[in-house]
Protein chains: 2
Amino acid sequence: MAQRTREDALSRERIVEAAVELLDAAGERGLTFRTLTERLATGPGAIYWHVANKAELLDAATDSLISDALAVDPTGSPEEEIRVLALGLFEAIARHPWLSTQLAVQLSRSPWGSVTPRIFESIGQRVSALGVPEATWFTATSALAHYIFGAAGQNAANVRVLDGVDRAEFLHAAASAWEDLDSGEFPFMKSIAGQVREHDDREQFLTGIDLILTGITAQGRD
Amino acid sequence: MAQRTREDALSRERIVEAAVELLDAAGERGLTFRTLTERLATGPGAIYWHVANKAELLDAATDSLISDALAVDPTGSPEEEIRVLALGLFEAIARHPWLSTQLAVQLSRSPWGSVTPRIFESIGQRVSALGVPEATWFTATSALAHYIFGAAGQNAANVRVLDGVDRAEFLHAAASAWEDLDSGEFPFMKSIAGQVREHDDREQFLTGIDLILTGITAQGRD
DNA sequence: ACCTGAACACCGTTCAAGT
DNA sequence: ACCTGAACACCGTTCAAGT
């Protein structure tokens with residue numbers, strides 16, 4: 001193979017970039033060392049020169065996207081900044097659905113590795129500015145963070161399923177399926193089926209954030 | 001190989017049981033068709049006769065454990081039952097840390113597959129008994145469910161890391177590491193480091209549940 | 001210092017053959 | 001109907017060899 005020129009030289013950045021593209025295009029199954037070397041026109045050894053292993057590559061891809069979402073300019077009330085932050089993470093995960101699984105895997109591998117502390121720090125700074133007792137900060141931050149990633153993951157999963165399907169049609173079919181459920185076994189799912197038909201994902205997500213914010217300030221008062 | 005007797009005959013149940021044992025012993029990496037066939041003294045073909053593929057096997061293993069945790073006898077206030085339910089799931093995930101990753105994967109594969117609706121149903125039934133407006137049910141249930149799985153996953157990850165390590169010693173070291181953090185970059189993590197040193201995992205988890213319950217009833221009132 | 005590419009160990013899955 | 005076990009395609013990773 002010809003000598004690489006300065007322009008198409010490999011680098012950790014270019015590898016991570018290509019990995020993100022493959023993940024976006026075909027999910028976690030779309031990223032293998034075969035597809036990656038093909039796209040970068042190189043061999044596995046070249047990639048291992050820049051990156052220790054696949055786990056590190058996935059971590060780097062996750063890190064770069066989460067960092068972008070965490071960069072919120074401080075121009076609002078703590079509540080407002082929390083909403084902006086939450087929505088930014090929600091949308092990053094909607095755009096890159098594989099982030100959801102990847103964050104869970106990364107968390108299980110090293111709970112207080114590089115991503116989690118940065119997320120907690122970012123949310124926690126705003127929580128501590130809410131004026132609630134310091135003893136409640138960690139629980140409050142934790143409730144927000146877990147809700148954000150859980151709800152965003154659920155949404156991302158829906159987005160994946162909806163890929164190429166008409167959204168309204170799908171929701172209608174899903175809601176109808178729930179309404180037809182055995183009311184002995186699934187009375188709750190049956191009762192909320194109607195709401196599903198015409199809800200707005202972002203709006204519903206933010207309603208959840210507000211619910212938790214209400215809990216934080218209410219609990220902070222007793 | 002000798003003919004199987006009635007006693008050691010293979011069955012879907014026995015296979016799932018063995019899979020859970022392998023996952024408990026060595027995490028998701030511990031379960032392969034090689035280790036599974038070895039433990040069951042059989043060949044891969046025999047397993048594929050009872051189970052479609054590895055994903056279905058993992059789903060079945062997850063299902064069986066989550067079902068147990070969802071079986072709460074209805075002898076309390078909705079709030080109390082929600083706490084029992086939440087703690088049951090928390091402890092199931094602490095005992096089987098691989099459940100956390102597995103639930104995320106399963107969610108991403110089929111968001112409204114078999115597990116999610118049962119969890120939402122179980123929590124949702126109690127939420128609807130709280131006496132808050134029906135319009136808030138879904139968001140409230142969603143906030144609870146995502147917090148439970150997120151916090152339980154975080155805890156499970158900690159449990160994994162703590163395996164074989166002295167808990168108090170580890171927490172002390174971790175807290176000290178945070179206190180030493182650059183206060184310019186991680187002021188929040190630094191400020192809560194002290195709390196980490198002597199918190200009780202279950203107690204802190206339930207405080208989060210109560211925070212969300214407070215939010216649900218407070219928001220339901222306006 | 002950086003890259004090549006063949007080779008290795010291991011994985012999930014298939015399937016013709018047995019009982 | 002249920003099981004056996006060799007074989008297949010594919011995966012992440014290594015490493016001697018090149019420039």
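Model, not experiment: these values are computed from the prediction. Lettering of chains follows the sequences in order, A, B, ..., and the numbering in each one begins at 1.
Considering only side-chain atoms of A:Y48, the nucleotide from C:dC3, D:dG12, C:dT4 that sits closest is D:dG12. Side-chain proximity of A:R34 to D:dT14, D:dG12, D:dA1: nearest is D:dG12. In this structure, of D:dG12, C:dA6, C:dC2, it is C:dC2 that holds the atom nearest to the side chain of A:W49.
Under the 4.0 Å criterion applied to side-chain N and carboxylate O atoms, B:D24 and B:R95 are not assigned as salt-bridge partners. The pair A:R12-A:E56 meets the salt-bridge criterion, since a charged nitrogen lies less than 4.0 angstrom from a carboxylate oxygen. The pair B:R160-B:E28 counts as a salt bridge, with a side-chain nitrogen and a carboxylate oxygen less than 4.0 angstrom apart.
In this structure D:dA1 sits in a base pair with C:dT19, meeting the Watson-Crick or G-U test at under 3.5 Å. Pair assignment for D:dA6: C:dT14, on the basis of Watson-Crick or G-U wobble contacts that are both within less than 3.5 Å.
DNA chain C is contacted by both A:P44 and A:H50; A:H50 maps to the nucleotide lying nearer its 5′ end (nearest heavy atom per residue). Positionally, the nearest nucleotide of DNA chain D for A:L31 lies more toward the 5' end than for the other of A:G45 and A:L31.
When each of B:I119, B:I209, B:I212, B:L87 is checked for a side chain to side chain contact (heavy atoms under 4.5 Å, CB included) with B:I148, only B:I209 meets the rule.
Taking atom CG of residue A:L36 and atom C1' of nucleotide D:dT13, one finds them 14 Å apart after rounding to whole Å. For the pair A:E38 CD and D:dC10 P, the interatomic distance rounds to 13 Å; values are reported in whole Å. Taking atom CG on B:N53 and atom P on C:dC11, their separation rounds to 17 Å, with Å as the unit. Atom CZ in B:F33 sits about 23 Å away from atom P in C:dA9, given to the nearest Å. Going from atom NZ of B:K54 over to atom P of C:dC10 covers 15 Å, rounded to whole Å. To the nearest angstrom, P of C:dT4 lies 10 Å from CD1 of A:I47. For the pair B:L57 CG and C:dT13 C1', the computed distance is 14 Å after rounding to whole Å. Separating the CG atom of A:L10 from the P atom of C:dC3 is a distance of 5 Å, rounded to the nearest angstrom.
Of all the heavy atoms in A:F90 and A:R202, the pair that sits closest is CE2-CG, 4.0 Å.
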